[in-house]
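See structure below.
Positions are given from 1, in the same order as the sequence printed here. What you see below is based on every heavy atom in this structure, not just the backbone, and it leaves out hydrogens, waters and symmetry mates.
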Amino acid sequence: MRDKKEKKKRKFKEEPGAKITEESTGETSADSFEEDGEPEEKNWWKRRRKKKFRQEQLIRIAELEEMMSKYGDEVDPESIVSMYLPHRKRRRIGAALLRLDKLNLALLGMLLLVVVLFIAAFMQERMGNFTINLDRLELYRKGISIADNGDFDGATARLTATTVADATNISIEDLPADLDDVEGAHNGKNYMAYTYYVRNAGKEDLGYIAKITLDSCAKGAEDAVRVAVWRNGERIVYAETAVDGSDEPGCTSFKSKDTVCTYEEKDFLVGNVDKYTIVIWMEGDDPECVDSIIGGSVQFSMRIDADYDDNTSLLWKFITDIKDTLTGNKPINAAGNEAPNGSYYTDDKITWKTRRNK
């Protein structure tokens with residue numbers, strides 16, 4: 001009986017693909033075969049690898065404990081990850097590094113963008129730009145336009161005054177007497193001056209509101225600034241209120257903390273032209289013009305809006321304008337000199353010299 005069993009064992013060993021069961025041998029040998037029929041040599045190799053892997057894990061845990069005792073909570077997390085995943089594939093490591101590079105690049109790009117925006121904002125504040133903006137939807141599309149010359153060459157809806165660099169304080173007595181006689185930008189060494197015109201060459205009579213606002217300021221410079229406005233030849237000087245709350249001598253106080261003044265024109269007829277001259281300087285005779293405001297800055301702007309609210313949808317406005325243009329029924333000509341059909345001037349040009357409201 002024993003001889004038969006030994007023959008059967010030798011027979012299965014000679015056939016590598018054979019599978020030993022309890023029915024064929026009467027006993028199970030886990031050392032020689034696995035359930036999938038692999039030879040004893042392969043099982044021995046797997047057992048050796050598992051044993052080595054367990055040994056490496058024990059060694060790395062010991063290394064981790066040594067690092068923790070040496071560095072405490074300041075152990076690099078990547079070191080711990082590499083210990084617990086000693087067989088991480090190179091492809092995964094490369095992908096992780098690539099993701100880290102992209103994140104760093106994104107953060108660096110955002111940082112550079114913030115720096116650029118900050119520098120641009122700082123430069124703009126220091127320059128003290130003065131802009132004039134006309135409401136495009138309710139005024140410009142109806143024939144109202146602005147220009148830096150009385151002939152309205154290059155009529156537009158936005159104008160920007162040139163800046164004054166490194167200005168110091170002066171007195172109102174130091175300003176030239178002909179400031180309202182020069183067109184466009186005509187800055188001095190220590191003051192900003194700009195003259196422009198508003199014209200109705202549109203289809204209907206309407207009204208507008210012009211408002212000058214204080215957009216930004218620094219180091220209290222707004223307390224000593226002066227804003228002079230000539231409107232059709234009449235001058236008013238605006239300033240912040242004095243320390244005691246009264247008007248500065250010869251000045252009208254700002255309308256509010258961020259609004260200098262407001263001009264309302266209710267009957268801006270077709271053919272009318274209004275002229276504005278804006279002059280801004282630091283008043284040296286103001287008690288609040290002290291050394292602490294040196295290096296300060298101010299920035300103003302002027303906006304011209306319609307004095308009414310039109311609740312008509314934008315689509316209907318667009319369709320109406322296209323229809324009027326195609327049919328020749330008072331077409332819009334905001335940027336040109338030709339007045340539309342049926343307006344105050346049918347053949348002549350609307351300029352400062354030929355204006356209706358002389």
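Linking ILVMFWY side-chain heavy atoms closer than 4.5 Å, directly or via other members, places I132 and I280 in a single hydrophobic cluster. Linking ILVMFWY side-chain heavy atoms closer than 4.5 Å, directly or via other members, places L269 and Y263 in two distinct hydrophobic clusters. Under the 4.5 Å side-chain contact rule for hydrophobic residues, I212 and W281 do not share a cluster. Cluster membership check: M192 shares its hydrophobic cluster with V260, using side-chain heavy-atom separations under 4.5 Å among Ile, Leu, Val, Met, Phe, Trp and Tyr. Cluster annotation: V227 and V279 are assigned to distinct hydrophobic clusters (Ile/Leu/Val/Met/Phe/Trp/Tyr, side-chain heavy-atom contacts under 4.5 Å, transitive).
Atom CH2 of W352 is separated from atom CG of N149 by 13.0 Å, given to the nearest 0.5 angstrom. For the atom pair D151 CG and R199 CZ, the distance stands at 10.0 Å (nearest 0.5 Å). To the nearest 0.5 angstrom, L159 atom CG is 6.0 Å from D148 atom CG. Between the CD atom in E288 and the CG atom in D223 there is a gap of 4.5 Å [rounded to 0.5 Å]. The NE2 atom of H186 lies 9.5 Å from the OG1 atom of T162; values are rounded to the nearest 0.5 Å. Atom CG of L113 and atom CG of L111 lie 9.5 Å apart (nearest 0.5 Å).
Across all their heavy atoms, V273 and T351 have their closest contact at CG2-O, 3.7 Å. Smallest separation of non-hydrogen atoms from G150 and E183: N-OE2, 3.0 Å. When all heavy atoms are compared, the tightest approach of A155 to A147 is CA-CB, 4.1 Å. Across R158 and N133, no two heavy atoms sit closer than the pair NH1-OD1, 2.5 Å. The minimum heavy-atom distance between I293 and A224, with the atom names listed, is CD1-CB, 4.0 Å. Taking both residues in full, the closest heavy atoms of L206 and L139 are given as CD1-CD2, 4.1 Å, listed atom of the first, atom of the second, then distance.
With a 6.0 Å radius and a threshold of 12 heavy atoms from other residues, nucleotides or ligands, K211 has its NZ atom at or below the threshold. Environment of CG in D244: crowded, with over 12 heavy atoms of neighbouring residues, nucleotides or ligands closer than 6.0 Å.
Without hydrogens or angle criteria, S171 side chain to G284 main chain gives no donor-acceptor distance under 3.5 Å. Remark: side-chain polar atoms of D178 are not paired, donor with acceptor, to backbone N or O of D181 under 3.5 angstrom. The backbone N or O of T160 lies less than 3.5 Å from no partner atom in the side chain of T131, so there is not a single donor-acceptor pair. Under the 3.5 Å distance criterion, the side-chain polar atoms of R141 are left unmatched by any main-chain donor or acceptor of E138.
Y191 meets the ring pair (Phe, Tyr, Trp, His ring centres under 6.0 Å) test with no other residue; sequence neighbours excluded. For the ring pair (Phe, Tyr, Trp, His ring centres under 6.0 Å) test, residues two or more places apart in sequence or in another chain that qualify with Y196 are Y276.
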Q.
Is there a salt bridge (Lys or Arg N to Asp or Glu O under 4.0 Å) between K275 and E234? Walk through the geometry before answering.
A. CA-CA 10 Å; K275 178 183 177 182; E234 297 182 6; over 6 Å; no
Q: May I have the step-by-step check of side chain to side chain contact (heavy atoms under 4.5 Å, CB included) for I278 and V229, ending in yes or no?
A: CA-CA 5 Å; I278 315 296; V229 180; 3.9 Å; yes
Q | Audit row: I170, L175, side chain to side chain contact (heavy atoms under 4.5 Å, CB included) steps and yes/no | A | CA-CA 8 Å; I170 59 174; L175 296 175; 3.8 Å; yes
Q: List the steps and the verdict of side chain to side chain contact (heavy atoms under 4.5 Å, CB included) for V225 and E240.
A: CA-CA 8 Å; V225 73; E240 280 275 16; 5.6 Å; no
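Contact of the E283 side chain with the N169 side chain is not registered, since no non-hydrogen atoms from C-beta on lie closer than 4.5 Å. Using a 4.5 Å heavy-atom threshold, the side chains of I209 and T262 count as touching. Residues D267 and D205 form no side-chain contact, since every pair of their non-hydrogen atoms from C-beta on lies 4.5 Å or further apart. A heavy-atom distance below 4.5 Å is found between the side chains of V237 and I172. Annotation: side chain of R226 is in contact with side chain of C251 (closest heavy-atom distance under 4.5 Å). The closest side-chain heavy-atom distance from D135 to Y140 is not below 4.5 Å. Side-chain contact check for I144 versus V198: some heavy-atom pair is nearer than 4.5 Å.
Residues D258 and T213 bring no donor and acceptor atom of their side chains to less than 3.5 Å of each other. Using a 3.5 Å distance cut-off with no hydrogens or angles, the side chains of D274 and N232 do pair a donor with an acceptor. In the model, S253 has a side-chain atom that pairs as donor or acceptor with a side-chain atom of D247 under 3.5 Å. Defined by atom type and a distance below 3.5 Å, a donor-acceptor pair is missing between the side-chain atoms of R356 and N272. Judged by distance alone, the side chains of N190 and T168 never bring a donor and an acceptor atom under 3.5 Å apart.
Among residues at least two apart or in separate chains, ring pair (Phe, Tyr, Trp, His ring centres under 6.0 Å) pairs with a member in residues 205-242 are Y208-F268.
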